[in-house]
Amino acid sequence: MQYSIRQIATITDGSFLNTPPEQADIEHILFDSRQITFPASSLFVALEGRHFDGHDFIKNAFTGGIRNFLVSKEINSTAFRHANFILVQNTLAAFQKIAAYHRSQFSFPIIGITGSNGKTIVKEWLFQLLNDDFHIVRNPKSYNSQIGVPISILQIKGHHDLGIFEAGISQMREMEKLASIIKPDIGIFTTLGEAHSEGFPDKVTKLREKLHLFKNVKTLIYRRDDEMVHREIGNWKSEIGKHTNLVSWSTKNRSASYFVEKTNKTKTGTEITTNYQLERSEIPHQQIGIPTFNKSLTVHHSPFTVNFTDDASIENAIHCHVLMHHLGYNDDIISERMAKLEPVAMRLELKEGINGCTIINDSYNSDLNSLKIALDFLNQQSTVSTHTLILSDILQSGQPKEKLYSNIAKLIIEKNIDKIIGIGNDVATLNDLLPENFNKLFLKNTDLFLEKINADFFNKEAILLKGARLFHFEKIANQLAIKIHQTALEVNLTSLLNNLRVYQQHLLPGTKMMVMVKASAYGSGSVEVAKLLEFQQVDYLAVAYADEGVELRKAGIQLPILVLNPEEVTFKHLIKYRLEPEIYHFNLLKKYLHFLKSFSKKEIFYSGWHWRKLSWTRDADQGL
């Protein structure tokens, strides 16, 4: 995106708190003052949440170089020289207006996906299946929320000719906002499950809310085996979607548009056979500008194979199969591409590596926006000082090579990367764009890396693998990861974050949250979990023993930390590392107060925290 600050004010119905500037171009949206990358062309949006207020971080953003702000509170703009402040009623709603306006500037077709499960898988598989024929824009990872969808939409550029966006909701009336931003032409409804049910009175209401995404679609694809879903979609069509062509599939009902005749599971995959019957008059792809690959669609037996055997993957694959048929692809092309579907990396993988290294594997795809996300994750999670990036060519960016890699070079420097290994032909452009003394190495292909780079090349580094699929960076991940045990514990930080947000939704505004990370976060990795929690701005951490708190402080954790079992021999560490003891009996309190007498208040003042003065009265029985 690129809009002037004056355009932003007009789009958001905002007013300037300062004298309107002559010129200021905005290319990036920023919500976190800790993630400043291109300050001169960024707009800081001061979001207000249940447990944070972006207005509290305006000073930090200004210090980091930001000069353009979107706010919903009166700000003394004179305290920020040469900064522009746009005042709006609600910053989130204003941000969504920017995304909706940006979407309105493009007319190519959009596929919108919602449901309780499978949204991200279907989106990513459609990308795999259609990427040879279109320049596709889509949500990075699972960016499907009230903030994630607008961020995704703002990625749209002039070279794109197909969009695939997923939308998720957890509360009433959220989908209406996302629908006005995405404005899909084709809809896919995956499943209706229990996820996020706490925000809705019942499943029927949740389904109806989700269907708001499809109010203007020309075609809606869904599975009709859930009778309640089928009934409600029928009601929706008669009331709202009268212009919508319903395309259903089923494993039970032959009256569906597509009937799954059989699924033959083997040890390595599943062969699926469908019967379908669509008249040419029912094919709407020409209406939305999608090219026709095969205009003659009649009754067929259409077997295809996928390399998965679980029911969820089979269902997701059939959704994709139906869409491809709807777009006019012939059976041979569908079968060929479906057989090549690969598992989707749903999250950044964090692994223990050789020589004390940490491996962050994001080797599924590579684009500028996902690179930014991965680099932020690297800075958030890393417990070592040396940061290494292994990067492949970035494919189908739509930008001239010089501009693309110039932006990447700036990003590498802004994010404090110490070493880069580039793999591919185009990525070698960085050799001339990075400083001459920068630690850099460029190789033609992944096999050359595996041949020339041995274990001694890395030592106590955080290594981010960021590569397009065809570079097969999973081979590098396997070479760098420690291989000691056949059994491994995988910790899904995305699920942990989701659990945290569920708890936060049930708290009253202003309620503080303390999270227990004792015993290495119950085996999940105390430092990694603590860094995630700190990034999400929880209020307190708690550990069982002082040495656990010391470990977190040495790893750079700054949150207040409560020690549940303080011992007299650890009192010095409590002061040195700013740990707060839980005092649970009078003898311990007496010992701690006696210990504190040897320090001045200045020595035990916790920088940035409020000093809580201890007071007590002498009691004949207790001695206090």
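Listed by first and then second residue, the salt bridge (charged side-chain N to carboxylate O under 4.0 Å, His left out) pairs involving residues 234-246 amount to none (not counting sequence neighbours).
One side chain, H321 or T274, offers a donor N or O that lies under 3.5 Å from an acceptor on the other. In this model, no donor atom of one side chain and acceptor atom of the other lie less than 3.5 Å apart for T91 and E48. A donor atom on one side chain and an acceptor atom on the other are not found under 3.5 Å apart for S257 and R224.
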* L341/N307 under side-chain contact (heavy atoms from CB on, under 4.5 Å): CA gap, chis, key distance, verdict -> CA-CA 7 Å; L341 284 178; N307 298 319; over 6 Å; no
* To do: Show your working on side-chain contact (heavy atoms from CB on, under 4.5 Å) between E315 and D311 and close with a plain yes or no.
  => CA-CA 6 Å; E315 182 171 356; D311 291 341; over 6 Å; no
* To do: Determine, step by step, whether K97 and V88 satisfy the side-chain contact (heavy atoms from CB on, under 4.5 Å) criterion, reporting the C-alpha distance in whole Å, the side-chain angles of both residues, the deciding distance to 0.1 Å, and the verdict.
  => CA-CA 11 Å; K97 284 182 179 179; V88 295; over 6 Å; no
* Quick one: do L207 and V229 satisfy side-chain contact (heavy atoms from CB on, under 4.5 Å)? Show the steps, please. => CA-CA 7 Å; L207 173 59; V229 170; 4.2 Å; yes
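Two residues are said to be in side-chain contact when any heavy atoms from C-beta on lie closer than 4.5 Å; V71 and L17 meet this criterion. Between F200 and I169, the closest side-chain pair of non-hydrogen atoms falls below 4.5 Å. Between N84 and L43, the closest side-chain pair of non-hydrogen atoms is not below 4.5 Å. Side-chain atoms of T114 and K119, non-hydrogen and from C-beta on, do get closer than 4.5 Å to each other. No side-chain heavy atom of I240 sits under 4.5 Å from any side-chain heavy atom of F214. Between K183 and N216 the shortest side-chain heavy-atom distance does not fall below 4.5 Å. Counting heavy atoms from C-beta on, the side chains of F308 and N316 never come closer than 4.5 Å. Put simply, the side chain of F165 reaches to within 4.5 Å of the side chain of I156, judged on heavy atoms.
Classification of the F85-F69 ring pair by plane angle, with boundaries at 30° and 60°, yields parallel. Using cut-offs of 30° and 60° for the angle between ring planes, the F106 and F108 rings count as tilted. Aromatic ring orientation, H230 versus Y222: parallel (interplanar angle below 30°, classes split at 30° and 60°).
Panel note: side chain K415, backbone L411; no donor-acceptor pair is recorded below 3.5 Å. A side-chain donor-acceptor contact under 3.5 Å links R337 to the backbone of L129. Judged by distance alone, with hydrogens and angles left aside, the side-chain atoms of H55 form a donor-acceptor pair with the main-chain N or O of S72 at under 3.5 Å. A donor-acceptor pair is defined here as one N or O able to donate and one able to accept, closer than 3.5 Å; such a pair exists between the side chain of Q7 and the backbone of S4. Counting only distance, with no hydrogens or angles, the side chain of T191 and the backbone of N117 share a donor-acceptor pair below 3.5 Å. Counting only distance, with no hydrogens or angles, the side chain of Q146 and the backbone of E174 share a donor-acceptor pair below 3.5 Å. Remark: the backbone N or O of I186 is not paired with any side-chain donor or acceptor of T219 at under 3.5 angstrom. Distance alone, capped at 3.5 Å, is enough to place a donor-acceptor pair between the K206 side chain and the G193 backbone. H160 places a side-chain N or O within donor-acceptor distance of the main-chain N or O of K157, the cut-off being under 3.5 Å. Side-chain atoms of E166 do not come within 3.5 Å of backbone N or O of Y143 as any donor-acceptor pair.
Between A167 and V149, the shortest heavy-atom contact is CA-CG2, 4.4 Å. Between I181 and P150, the shortest heavy-atom distance links the atoms CD1-CG, 3.9 Å. Across V517 and V529, no two heavy atoms sit closer than the pair CG1-CG1, 4.2 Å. Of all heavy-atom pairs between R223 and H319, the closest is N-CE1, 4.1 Å. Considering all non-hydrogen atoms of both residues, K123 and N139 come closest at NZ-O, 2.9 Å. The minimum heavy-atom distance between M514 and A542, with the atom names listed, is SD-CB, 3.7 Å.
Between S42 atom OG and I29 atom CD1 the span is 8.0 Å, to the nearest 0.5 Å. Here OG1 of T12 is found 6.0 Å from CD1 of I98. Values are rounded to the nearest 0.5 Å. With rounding to the nearest 0.5 Å, the separation of CD1 in I233 from CG in N235 is 10.5 Å. A distance of 11.0 Å separates CG in D362 from CG in L378, rounded to the nearest 0.5 Å. Rounding to the nearest 0.5 Å gives a distance of 9.0 Å between CD1 of I164 and CD1 of I110. Note: I188 CD1 to I111 CD1 = 6.0 Å, rounded to the nearest 0.5 Å.
Between F189 and W236, the distance separating the two ring centers is not shorter than 6.0 angstrom.
Few gaps surround CZ on F62; more than 12 heavy atoms of other groups in view lie less than 6.0 Å from it. The environment of CD in Q89 is sparse: at most 12 heavy-atom neighbours from other residues, nucleotides or ligands sit within 6.0 Å.
Checked against side-chain contact (heavy atoms from CB on, under 4.5 Å), T270 has the following partners two or more places apart in sequence or in another chain: T263, K265, I272, V306, T309, I314.
Each of L126, I182, L213 was compared with I113 under the side chain to side chain contact (heavy atoms under 4.5 Å, CB included) criterion, and only L126 meets it.
Classification of R138 and E124 as a salt-bridged pair holds, one side-chain N sitting under 4.0 Å from a carboxylate O.
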